[in-house]
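Everything numeric in this text was worked out from a predicted model, so none of it was measured.
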Amino acid sequence: MKRLHLSYDMLIEYSKAVERCNFTIKCIPTDSMRQSISNVRISISPDVKYYYGKDGLNNIQIYGVNENSHKTFRFHLEADARTGLSEYEKDINDDLDMIFRHEHGLNTAGENIKSFYKDIWLLREADDYSKAKILMHELNANFKYVPLSTDVNTSAEEAFTQGHGVCQDYAHIFIALLHLAGISARYVTGFIVGEGQSHAWVEILHNNKWYGFDPTHDKIVTDGYIRLGIGRDAADCMINRGIMHGGGPHTQTITVQVNEIEK
């Protein structure tokens with residue numbers, strides 16, 4: 001078990017003034033079997049009123065409307081987490097798990113992924129957990145991490161075909177492989193210890209429990225991870241969405257810091 005402190009900062013700078021912005025932000029970690037969240041502090045600039053809600057997958061989100069003319073928008077989050085409380089997650093709504101059994105959107109397997117899967121030797125007697133470990137090792141050994149080589153719209157097949165990508169691509173390809181093996185799997189966003197941006201990994205369903213696998217680092221998810229949200233693919237887990245009136249071209253800078261709190 002670890003005690004972690006999370007700091008997340010998102011700054012959007014617009015070339016022209018935004019006259020009105022409807023925003024939705026999914027960046028609120030919540031309690032689960034694996035983690036306990038406390039001391040959550042949120043600040044938004046310009047200072048506007050916001051509301052809490054949930055999406056269709058029970059991810060916590062905040063939403064609001066900024067009607068003040070502005071050229072910058074900033075969201076900042078601070079939170080503490082106790083992680084590694086359990087080796088798995090167990091959902092309250094088991095009916096929701098059905099949607100993670102089939103391919104969807106960006107995690108759809110094309111001919112190249114299907115061909116790669118056929119060449120992987122999966123022991124017939126191996127359970128789903130063991131099969132997932134084999135698939136994760138094979139993917140990690142045959143796919144390369146290259147920053148900025150894909151974007152949010154890159155599919156699993158497109159990334160796999162070019163042979164490199166980022167954590168989002170590892171997760172999408174891994175889910176596609178798991179579905180080919182008949183294993184339920186879901187996309188996960190969150191944070192890991194260190195400095196950088198958000199991270200993506202996968203949870204598989206085994207014996208009615210969800211276990212975390214990180215194909216980017218070829219490891220089982222342990223107490224160095226803070227889970228943020230789940231989805232069928234990355235599109236379900238986008239941290240920031242908005243509709244702007246005005247603004248023009250803009251830049252977005254995200255800074256994440258996760259530190260272990262001294263015992």
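Taking the six-membered ring wherever Trp is involved, the centroid distance between the rings of Y170 and F213 does not fall below 6.0 Å.
A perpendicular orientation is assigned to the rings of W210 and F100, their planes being inclined by more than 60° (bins at 30° and 60°). Using the six-membered ring where Trp is involved, Y211 and Y129 have ring planes that are perpendicular, over 60° apart on the 30 and 60° scheme. Taking the six-membered ring where the residue is Trp, H199 and Y225 present tilted rings, their angle falling between 30° and 60°.
Separation of atoms CG (D9) and CD (Q257) is listed at 12.0 Å; rounding is to 0.5 Å. Note that CZ of R227 and CZ of F191 are 13.0 Å apart. Values are rounded to the nearest 0.5 Å. Separation of atoms CD1 (I226) and CZ (R82) is listed at 13.0 Å; rounding is to 0.5 Å.
By the 4.5 Å heavy-atom criterion applied to side chains, S45 and F73 are not counted as neighbours. Annotation: side chain of I42 is in contact with side chain of Y50 (closest heavy-atom distance under 4.5 Å). In this structure, H70 and C21 have side chains that are in contact, with non-hydrogen atoms separated by less than 4.5 Å. Side-chain contact check for N22 versus R20: some heavy-atom pair is nearer than 4.5 Å. Within the 4.5 Å cutoff, the side chain of S198 has no heavy atoms near those of the T189 side chain. With contacts defined as side-chain heavy-atom distances shorter than 4.5 Å, the pair F23/I44 qualifies.
With hydrogens and angles disregarded, no donor-acceptor distance shorter than 3.5 Å links the side chain of S115 to the backbone of N112.
Hydrophobic clustering of Ile, Leu, Val, Met, Phe, Trp and Tyr side chains at less than 4.5 Å, counting indirect connections, keeps I220 apart from L4. Hydrophobic clustering places F160 together with Y145 (ILVMFWY residues linked when any side-chain heavy atoms are closer than 4.5 Å, directly or through intermediates).
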